[in-house]
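Below is one structure, written out as structure tokens; the observations come after it.
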Amino acid sequence: TPEACRRIKVQQPILTNADLEKIRSIGDPDFKSKTLRMLFRVAAGADGLAVAVDDLCRQASAAIKDGYKFLILSDRGVNEQWAPIPSLLGISAVHHHLIRECTRTEVGLILETAEPRDVHHFACLIGSGAGTINPYLAFETLVDMAREGFLPEGIDAATAESKFIKAINKGLLKIFS
């Protein structure tokens with residue numbers, strides 16, 4: 001049916017912070033999104049990481065059963081008590097878990113992460129299941145660089161963000177071709 005084919009179309013796989021917030025704030029129940037934390041307790045060590053990855057997969061399955069269509073895997077919130085689950089580990093674990101459960105096609109996976117900085121990072125994340133990626137730390141760094149005067153003359157944060165996205169997309173196109 002036409003209703004079953006509704007999609008959100010993005011021009012490219014890199015989401016700005018504003019783009020991600022638009023997706024989060026969509027009021028249509030057919031496009032509900034849920035943010036899942038990709039964090040684990042530092043005190044729990046390596047065993048805590050394994051438990052957190054398993055829990056992340058369980059949360060993803062539960063979110064699909066609850067009707068969510070977008071899962072935003074986020075590593076925001078890192079501090080002295082909470083460490084990030086490595087984004088490649090988190091996205092690939094959830095992606096393959098959902099494939100095993102035959103529910104992967106029911107949900108879009110969005111990654112909100114501080115990790116990716118270069119084309120290779122983005123290509124690995126997309127190849128491991130991320131539909132779109134919000135590299136929030138890269139964008140926040142560009143804002144800081146603009147504020148501190150580290151960008152070339154005439155380049156503001158918005159222009160730098162646009163150029164960063166364009167460069168990543170060009171690199172991804174070369175890899176994917």
Side-chain angles (χ1 to χ4, degrees), residues 8 10-24 33-64 68-101 103-145 160-161 164-176:
I8 292 178
V10 294
Q11 296 299 316
Q12 38 81 29
I14 311 305
L15 296 177
T16 64
N17 295 344
D19 292 336
L20 182 59
E21 289 313 310
K22 286 179 191 174
I23 291 171
R24 275 194 173 113
S33 66
K34 182 169 187 168
T35 301
L36 305 178
R37 292 177 39 162
M38 284 197 319
L39 303 173
F40 70 100
R41 289 209 174 272
V42 172
D47 291 337
L49 173 60
V51 169
V53 170
D54 289 342
D55 188 50
L56 182 65
C57 292
R58 280 192 294 279
Q59 289 178 49
S61 295
I64 291 171
Y68 289 96
K69 297 300 179 189
F70 294 103
L71 299 182
I72 302 167
L73 307 183
S74 178
D75 64 15
R76 282 192 185 263
V78 172
N79 58 30
E80 297 82 24
Q81 288 87 32
W82 293 96
I85 294 173
S87 57
L88 190 57
L89 174 62
I91 193 71
S92 62
V94 169
H95 174 72
H96 288 286
H97 170 76
L98 298 178
I99 288 172
R100 284 189 298 273
E101 288 194 338
T103 57
R104 177 60 184 94
T105 58
E106 296 177 27
V107 70
L109 295 179
I110 300 170
L111 192 56
E112 179 183 32
T113 179
E115 288 183 26
R117 295 171 302 281
D118 62 36
V119 176
H120 181 258
H121 291 143
F122 288 94
C124 289
L125 294 169
I126 291 168
S128 296
T132 54
I133 303 165
N134 169 245
Y136 66 87
L137 185 60
F139 296 143
E140 290 170 10
T141 300
L142 293 173
V143 169
D144 279 351
M145 289 175 70
E161 182 178 275
F164 175 80
I165 291 170
K166 184 177 181 179
I168 295 299
N169 284 330
K170 281 183 148 186
L172 287 172
L173 186 60
K174 286 181 181 179
I175 290 170
F176 297 156

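Since this is a predicted model, take the numbers as computed values, not measurements.
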Would you say the side chain of Val42 lies within less than 4.5 Å of the side chain of Trp82, judging by non-hydrogen atoms?
no
Would Phe70 and Val107 count as a side chain to side chain contact (heavy atoms under 4.5 Å, CB included) here? Give the steps.
CA-CA 5 Å; Phe70 294 103; Val107 70; 5.6 Å; no
Distance in Å, Ser33 OG paired with Ile72 CD1, rounded so as to fall on 0.5 Å steps:
4.0 Å
Atom CD of Gln81 and atom CG of Asn79: how far apart are they, to the nearest 0.5 Å?
5.0 Å
Heavy-atom check, side chain of Glu140 versus side chain of Asp144, under 4.5 Å:
no
Distance only, no hydrogens: is a donor on one side chain within 3.5 Å (strictly under) of an acceptor on the other, for Glu101 and Ser61?
yes
Working to the nearest 0.5 angstrom, can you tell me the gap between Lys170 NZ and Leu172 CG?
13.0 Å
pair Phe139-Ile14: side-chain heavy atoms closer than 4.5 Å:
yes
Would you say the side chain of Leu49 lies within less than 4.5 Å of the side chain of Pro86, judging by non-hydrogen atoms?
yes
Side-chain donor-acceptor pair under 3.5 Å between Asp19 and Thr16, yes or no?
yes
One should read off an interatomic distance between Arg100 CZ and Leu98 CG, to the nearest 0.5 angstrom, of 9.0 Å
Step by step, work out the side chain to side chain contact (heavy atoms under 4.5 Å, CB included) result for Ile91 and Leu109.
CA-CA 8 Å; Ile91 193 71; Leu109 295 179; 3.9 Å; yes
Donor-acceptor contact present, side-chain Ser92 to main-chain Leu89, <3.5 Å:
yes
Apply side chain to side chain contact (heavy atoms under 4.5 Å, CB included) to the pair Ile110 and Leu73, showing each step before the final yes or no.
CA-CA 6 Å; Ile110 300 170; Leu73 307 183; over 6 Å; no
Which heavy-atom pair separates Val119 from Gly171 by the least distance, and what is that distance?
CG1-C, 3.5 Å
So, do Leu125 and Pro116 sit near enough that their side-chain heavy atoms are less than 4.5 Å apart?
yes
So, Gln59 versus Asp55: side-chain donor-acceptor pair below 3.5 Å or not?
yes
Determine yes or no for a side-chain-to-main-chain donor-acceptor pair under 3.5 angstrom, with Arg117 supplying the side chain and Glu115 the backbone.
yes
Main chain of Leu56, side chain of Arg37: is a donor-acceptor contact present, judged purely on distance under 3.5 Å?
no
Trace of the side chain to side chain contact (heavy atoms under 4.5 Å, CB included) decision for His121 with Ile133:
CA-CA 11 Å; His121 291 143; Ile133 303 165; over 6 Å; no
Distance check, rounded to the nearest 0.5 Å: Leu20 atom CG versus Thr35 atom OG1?
7.0 Å
Atom CG in Asn134, atom CD in Glu21: separation rounded to 0.5 Å?
8.0 Å
Assess whether atom NE2 of His96 is packed by more than 12 heavy atoms of other residues, nucleotides or ligands within 6.0 Å.
yes
Identify the two heavy atoms, one from Lys69 and one from Glu106, that lie closest to each other, and give their separation to 0.1 Å.
CD-O, 3.7 Å
Test item: Ile85 and Asp75 side chains (from C-beta on) under 4.5 Å apart, heavy atoms
no
Between Leu88 and Cys124 the two heavy atoms that sit nearest each other are CD1-O, 3.6 Å
Could you tell me which non-hydrogen atom of Val78 sits nearest to which non-hydrogen atom of Pro84, and how far apart they are?
CG2-CD, 3.7 Å
Please determine whether salt bridge (charged side-chain N to carboxylate O under 4.0 Å, His left out) holds for the pair Glu161 and Lys166, giving the CA-CA distance in whole Å, both sets of side-chain angles, and the decisive distance to 0.1 Å.
CA-CA 9 Å; Glu161 182 178 275; Lys166 184 177 181 179; over 6 Å; no
Heavy-atom pair with the smallest gap, counting every atom of Pro135 and Leu15:
CD-O, 3.8 Å
Which heavy atom in Lys34 sits nearest to a heavy atom in Ala63, and how many Å separate them?
CD-CB, 3.9 Å
Is there side-chain contact between Phe176 and Ile126, with at least one heavy-atom pair below 4.5 Å?
yes
